[in-house]
Amino acid sequence: MDFADIQHVQPPPGSEGTRTKVQPGDILVTITADLGRIGLVADDVPEAYVNQHVALARPANRDFAPYLAWFLTAPAAQAQLGLLDRGATRSGLGLADIGAVRVSLPPLAEQRRIVARIEALFGAIRDARKDLDRTLVLAERFRNALVAAAISGELASDRSGSGMSAEESGVFMDRLASERRQLWEQSELARAAAKGRRLKDNWKDRFPSPVKPVEHYADSLPAGWTLASLDQLAWAASYGTSEKCDPAGSGSPVLRIPNVARGAIDLSDLKFATGDLGLVPGEAVAPGDLLVVRTNGSPDLVGRGAVVRQSLERDVYFASYLIRFRLVGNDTLWRWIALVWHSPMIRDQVFAKAASSAGQYNVSMTELASFALPIPPEAEQARLVNLVEERLKVTDEMERQARASHDLLSRLERQILDVAFRGDLVPQDAADEPAEETLARLRQEAEAPAGPRGRQRRRAA
């Protein structure tokens with residue numbers, strides 16, 4: 001049980017409070033959402049109650065509780081619970097489902113040996129996980145420090161102040177502005193042609209002027225760099241589709257929050273639209289698109305972004321939880337923006353703008369458009385991006401191996417439990433009282449006549 005994040009309740013008097021109050025030795029089972037997670041209530045549990053998302057199973061004999069809790073965590077029992085899952089879009093279990101799980105019950109003495117061995121092995125696995133987590137933390141700190149050094153100018157090739165002059169900076173931004181307008185006009189013409197309509201004579205007047213960047217960071221720029229808003233660096237921005245998606249859908253693939261990895265698109269877990277998205281030419285995700293998470297229950301995920309760098313094999317769109325900014329420039333600028341987007345500068349702007357509503361954190365397209373990004377000279381962009389990406393190769397490999405080791409430890413846990421409940425983890429002892437005899441003895445003790453106080457207790461129960 002983990003009491004690090006709990007909510008408080010004033011339980012109603014009577015049977016409701018009694019029924020939902022946990023006791024040492026109780027086994028708790030999650031029956032909605034993250035289905036089948038198991039918790040064993042320890043002796044030092046504070047006053048606590050379960051809500052409607054958790055089932056409480058109280059063993060007839062508390063001596064069985066540790067074994068039963070581990071057994072329910074094992075693959076065989078989890079498979080039974082999974083096969084009985086009646087939920088279509090929301091997982092759910094009933095008390096009858098839990099009660100129907102078939103339990104392999106060894107002698108009580110062997111149960112204790114199994115539990116002791118499992119806990120010893122899982123303790124070693126927990127220690128290994130802590131070491132891996134420390135590796136991931138250190139890798140993340142190095143990454144953040146390196147990116148921060150790159151955008152602050154500490155890694156600049158010439159820190160004496162040479163770079164773009166004010167005039168050169170203006171020419172560079174004017175060129176991006178001209179490209180921004182040209183790409184917007186081409187998009188409007190293509191959209192009109194796809195729909196078979198003719199644009200009005202004054203349609204170019206609808207071209208949106210870019211917003212200026214937040215000036216808070218202007219004074220901290222290295223000499224020769226310029227500050228640009230995301231809006232100045234993008235020729236279009238839009239929200240995604242709300243069309244329902246499913247792994248077995250027949251429509252176009254739709255990118256979701258899990259597909260927005262660190263700076264790049266991850267296509268390993270795609271869902272597909274269940275209907276026709278009605279995309280016109282040019283609307284599919286393409287190289288130069290920056291996808292940003294606009295809303296999530298976790299503030300750390302809000303604002304996370306990825307730049308599409310390569311052409312995709314088929315038309316792919318994106319979900320409504322994401323915002324797309326279509327960037328101007330070339331691959332070098334896109335790589336630089338992808339790098340900057342995961343810097344402390346951008347995270348500070350996200351946290352300053354993200355609003356919370358009904359447990360969700362949100363950042364709007366308008367707010368994102370004004371985010372300030374530092375832009376070095378073009379040659380310096382390429383040099384810094386190459387330098388950072390080269391140095392991060394080792395860090396990326398460390399993280400990859402650490403995450404792979406996490407997965408191996410999870411597989412090892414499942415294998416340990418599988419072996420344990422096949423009877424192969426600890427030796428059997430012929431001197432152990434057989435489980436059938438233990439159960440018969442416990443039934444006999446429970447049915448034995450008791451004094452008046454004992455009978456009264458049974459009636460009250």
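Bear in mind that the values here come from a model prediction, so they are computed numbers and not experimental data.
One finds a salt bridge joining Asp231 and Arg180 here, because a Lys/Arg side-chain nitrogen approaches an Asp/Glu carboxylate oxygen to under 4.0 Å. We find that Glu283 and Arg191 are joined by a salt bridge, their nearest charged nitrogen and carboxylate oxygen being less than 4.0 Å apart. The residues Asp289 and Arg326 are annotated as salt-bridged, a charged nitrogen and a carboxylate oxygen being separated by less than 4.0 angstrom. Salt bridge annotation for Arg181-Glu185: present, with a cationic side-chain nitrogen under 4.0 angstrom from a carboxylate oxygen.
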How far apart are the C-alpha atoms of Arg129 and Ser410, what are their side-chain angles, what is the distance that settles it, and do they pass the side chain to side chain contact (heavy atoms under 4.5 Å, CB included) test?
-> CA-CA 10 Å; Arg129 275 209 176 93; Ser410 297; 3.0 Å; yes
Side chain to side chain contact (heavy atoms under 4.5 Å, CB included) evaluation trace for Phe318 with Val260 = CA-CA 10 Å; Phe318 59 103; Val260 179; over 6 Å; no
Check against side chain to side chain contact (heavy atoms under 4.5 Å, CB included), Thr73 and Glu413 | CA-CA 10 Å; Thr73 309; Glu413 285 177 331; over 6 Å; no
Side chain to side chain contact (heavy atoms under 4.5 Å, CB included) evaluation trace for Gln232 with Leu176 | CA-CA 8 Å; Gln232 289 175 309; Leu176 293 184; over 6 Å; no
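Partner of Arg335 under the side-chain contact (heavy atoms from CB on, under 4.5 Å) criterion, chosen from Asn330, Val385, Val388, Val340: Val385. Exactly one of Leu373, Leu233, Leu384 qualifies for a side-chain contact (heavy atoms from CB on, under 4.5 Å) with Trp336. That residue is Leu384.
When side chains are defined from C-beta on, Leu290 counts as touching Leu230, because their heavy atoms get closer than 4.5 Å. Two residues are said to be in side-chain contact when any heavy atoms from C-beta on lie closer than 4.5 Å; Leu136 and Arg403 meet this criterion. The closest side-chain heavy-atom distance from Gln186 to Leu183 is below 4.5 Å. Side-chain atoms of Leu392 and Phe142, non-hydrogen and from C-beta on, do get closer than 4.5 Å to each other. Using a 4.5 Å cut-off on side-chain heavy atoms (C-beta onward), Arg143 and Asp396 make contact. The closest side-chain heavy-atom distance from Ser229 to Lys212 is not below 4.5 Å. Residues Leu409 and Leu132 meet the side-chain proximity criterion, which asks for heavy atoms closer than 4.5 Å. Within the 4.5 Å cutoff, the side chain of Leu301 has no heavy atoms near those of the Tyr361 side chain.
Annotation: Tyr321, atom OH; neighbour count of heavy atoms from other residues, nucleotides and ligands within 6.0 Å does not exceed 12. Residue-environment remark: CZ (Arg58) exceeds the threshold of 12 foreign heavy atoms within 6.0 Å. Residue Arg175 qualifies as enclosed at atom CZ: its count of foreign heavy atoms under 6.0 Å is above 12. For Arg117, the CZ atom counts as loosely surrounded, since its 6.0 Å shell holds 12 or fewer non-hydrogen atoms of other residues, nucleotides or ligands. More than 12 heavy atoms of other residues, nucleotides or ligands sit less than 6.0 Å from atom CG of Leu267. Shown here is Arg197, whose CZ atom has more than 12 heavy atoms of other residues, nucleotides or ligands within 6.0 Å.
Between atom CE of residue Met398 and atom OG1 of residue Thr135 there is a gap of 5.5 Å, rounded to the nearest 0.5 Å. With rounding to the nearest 0.5 Å, the separation of OG in Ser238 from OH in Tyr317 is 5.0 Å. With rounding to the nearest 0.5 Å, the separation of CG in Leu270 from CG in Asn259 is 5.5 Å. For the atom pair CG (Asp26) and CG (Leu56), the distance works out to 4.0 Å, reported to the nearest 0.5 Å. A distance of 8.5 Å separates NZ in Lys353 from OG in Ser364, rounded to the nearest 0.5 Å. Residue Ile346 holds its CD1 atom at 7.5 Å from CD1 of Ile151, rounded to the nearest 0.5 Å.
No side-chain donor-acceptor contact under 3.5 Å links Thr395 and Arg141. No hydrogens or angles considered: nothing links the side chains of Asn296 and Ser298 as a donor-acceptor pair under 3.5 Å.
Minimum heavy-atom separation, Pro247 to Phe272: O-CD1, 3.4 Å. Across all non-hydrogen atoms, the minimal contact from Ile38 to Ala69 is CG2-O, 3.6 Å. The two residues Pro376 and Pro374 make their nearest non-hydrogen contact at CD-O, 3.7 Å. Listed here is the closest heavy atom pair of Val328 and Leu333: O-CD2, 3.6 Å. Nearest heavy atom pair, residue Pro75 against residue Arg414, reads CG-O, 3.6 Å. Of all the heavy atoms in Arg294 and Ser320, the pair that sits closest is NE-O, 2.5 Å.
Looking only at distances, no side-chain donor or acceptor of Asp131 sits under 3.5 Å from a matching main-chain atom of Ala128. One N or O on the side chain of Tyr239 and one on the backbone of Met365 form a donor-acceptor pair closer than 3.5 Å. Judged by distance alone, the side chain of Arg304 and the main-chain N or O of Ile257 form a donor-acceptor pair under 3.5 Å. Listed for the Thr30 side chain is a donor-acceptor partner under 3.5 Å among the backbone atoms of Gly36. Panel note: side chain Ser405, backbone Gln401; a donor-acceptor pair is recorded below 3.5 Å. Not a single donor-acceptor pair under 3.5 Å links the side chain of His406 to the backbone N or O of Ala402. Panel note: side chain Asn386, backbone Ala382; a donor-acceptor pair is recorded below 3.5 Å. Between the side chain of His342 and the backbone N or O of Arg347 there is no donor-acceptor pair closer than 3.5 Å. A donor-acceptor pair is defined here as one N or O able to donate and one able to accept, closer than 3.5 Å; no such pair exists between the side chain of Gln310 and the backbone of Pro287. Side-chain atoms of Glu179 come within 3.5 Å of backbone atoms of Gly329 as a donor-acceptor pair (strictly under, hydrogens ignored).
Judged by the 6.0 Å distance and 45° axis criteria, Arg126 is not positioned over the aromatic ring of Phe122.
Phe421 and Tyr67 have perpendicular rings, their planes meeting at more than 60° on a 0 to 90° scale where under 30° would count as parallel.
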